2 protein chains.
Amino acid sequence: MANVREKEQFLRFLRGRGQRVTGERLALFDEIFSQHGHIDAEELLRAMKARGLKISRATVYRNLDLLVESGLARKQRLGSRGFLYEHMHSGQQHDHLVCTGCGRVVEFVSPGIAALQAEICRAHGFLPARHTLQIAGLCNRCAEGAVSDGLGVAPATGRLVHV
Amino acid sequence: MANVREKEQFLRFLRGRGQRVTGERLALFDEIFSQHGHIDAEELLRAMKARGLKISRATVYRNLDLLVESGLARKQRLGSRGFLYEHMHSGQQHDHLVCTGCGRVVEFVSPGIAALQAEICRAHGFLPARHTLQIAGLCNRCAEGAVSDGLGVAPATGRLVHV
DNA sequence: CGGCTATTGAGACAGAATCTCAATACGTAG
DNA sequence: CTACGTATTGAGATTCTGTCTCAATAGCCG
């Protein structure tokens, strides 16, 4: 359990807003921090029930949004359907490279984007900001294989890489 | 009607795939090219019915995807719910600045992104690519007003601007 | 411990997009 | 120009996500 720091941050966040620390919130926290890549609410719910935890769909959705507000998780559209959540690696903002062939998602960090974002915002009078950058393309594996195999979609694995 | 070139491209696309040129497809083409900004499928459907055209929801959805495949339209998530479509300005790829205060969407073109995209893809062995960049922030109007007014969400207006 | 009230659970609900299948109309060949 | 085969359409049912409701439960504080 290496998320002591994050869990404390979460507790502080809750107490600071006069919100309660419930068993469900802690369980959800543990679950999402035990996951590696991106996960959607429905799957998270399934995973928790599979572990024998009793929690309802509404609670999962509600508290995922809470986790996002606390800055410990991020909510994003990556697939064509629904939102995906991911916990934050020590607050580091990163972006995604999505392979249109196999669905693999690679995370990366590129300092250049921050500069670009600042420049664009300045030009339009926009205030600070968050951004979402997704690059779609073919990963090396799919680019080679190309038409060669008719395999389905491989499970998406997320790894954080610096450019 | 200045979309002769695009319409021809669409017809060629259809014929090239052995697909039929139907009244519904042409009507949908005209409708989306008569729109300025982003529009969602449901609204497009409403607009067409308002003009007295008889077309079903399923057909709109089906053919919007077709338009996207042909490269003449783009499908994107900008709001929190559902997809928005926009026709392509002569194939020019642009990105979006979304105001979290009023929902206004500003389009911009930044050459820097293309370079960044190339660099990142090279680093990860990804092949060519499209990208989606969204920057969320407060537009100058909302940044000033801030808490001052409790007004609702203003209609999103799209204008293309170069950085 | 006891009370106040935030939170939960179960299921109803809402909105977006897809699917089904019979009816229609495009395109081609005759 | 007509007839035929088949892609496409329409209407509504269906699926899938995510939100909402409200009574029951359980944190938190005194």
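Since we're looking at a predicted model, the values are computed, not measured. Residue numbers begin at 1 in each chain, while the letters A, B, ... track the order of the sequences.
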What is the distance, to the nearest angstrom, from the CG atom on Asp65(A) to the P atom on dT7(C)? 14 Å
What is the distance from CD of Glu43(A) to P of dC16(D), rounded to the nearest Å? 15 Å
Between P of dT7(C) and CG of Leu28(A), the distance in whole Å: 14 Å
Can you check each nucleotide of nucleotides 24-30 of chain D against protein heavy atoms at under 4.0 Å and return B for base, S for sugar-phosphate only, - for none, in 5' to 3' order? --BBS--
Does a side chain donor of either His38(B) or Glu43(B) reach within less than 3.5 Å of an acceptor in the other side chain? no
Round to a whole Å and report the spacing from CG of Leu26(B) to P of dC26(C). 10 Å
Check step by step if side chain to side chain donor-acceptor pair (under 3.5 Å) holds for Gln117(B) and His131(B). CA-CA 8 Å; Gln117(B) 171 177 321; His131(B) 74 262; 2.5 Å; yes
Side chain of Phe83(B) only, heavy atoms from C-beta on: which candidate in dG9(C), dA17(C), dT17(D) is closest? dA17(C)
Of all the nucleotides listed (dG10(D), dG9(C), dT18(C)), which has the minimum atom distance to the side chain of Tyr61(B)? dT18(C)
Given Arg25(B), Arg46(B), Arg51(B), the one that forms salt bridge (Lys or Arg N to Asp or Glu O under 4.0 Å) with Glu31(B): Arg51(B)
Which of these nucleotides, dG9(C), dT19(D), dG10(D), is closest to any side-chain atom of Lys54(A)? dG9(C)
So, OP1 or OP2 of dG10(D): does either fall under 4.0 Å of a side-chain N or O from Arg57(B)? no
Within this structure, what is the CZ-to-C1' distance between Arg81(B) and dC13(C), rounded to whole angstrom? 11 Å
5'-most by nearest nucleotide on DNA chain C - Asp40(B) or Ile55(A): Ile55(A)
Within this structure, what is the NZ-to-P distance between Lys49(A) and dT8(C), rounded to whole angstrom? 14 Å
5' precedence on DNA chain D between Leu14(B) and Ala58(B) (nearest-nucleotide basis): Leu14(B)
Taking Asp95(A) for its side chain and Leu133(A) for its backbone only, find out whether a donor-acceptor pair lies under 3.5 Å. yes
Between Lys54(A) and Glu24(A), does any side-chain N to carboxylate O distance fall below 4.0 Å? no
Interatomic distance, Leu84(A) CG vs dG18(D) C1' [rounded to whole Å]: 14 Å
Determine, stepwise, if the pair Lys7(B) / Asp30(B) fulfils salt bridge (charged side-chain N to carboxylate O under 4.0 Å, His left out). CA-CA 9 Å; Lys7(B) 183 166 282 188; Asp30(B) 288 342; 2.8 Å; yes
So, is Asn63(B) near the phosphate of dT8(D), with a side-chain N or O under 4.0 Å from OP1 or OP2? no
Rounding to an integer number of Å, can you tell me how far Arg77(B) CZ sits from dT17(D) P? 11 Å
First of Ala41(A) and Val60(B) reached from the 5' end of DNA chain D, by closest nucleotide: Val60(B)
With Lys75(A) as the cation and Tyr85(A) as the aromatic partner, state whether NZ or CZ is under 6.0 Å from the six-membered ring centre and within 45° of the axis. no
Report yes or no: is there a donor-acceptor pair, N or O only, under 3.5 Å between the side chain of Arg62(B) and the base of dG10(D)? yes
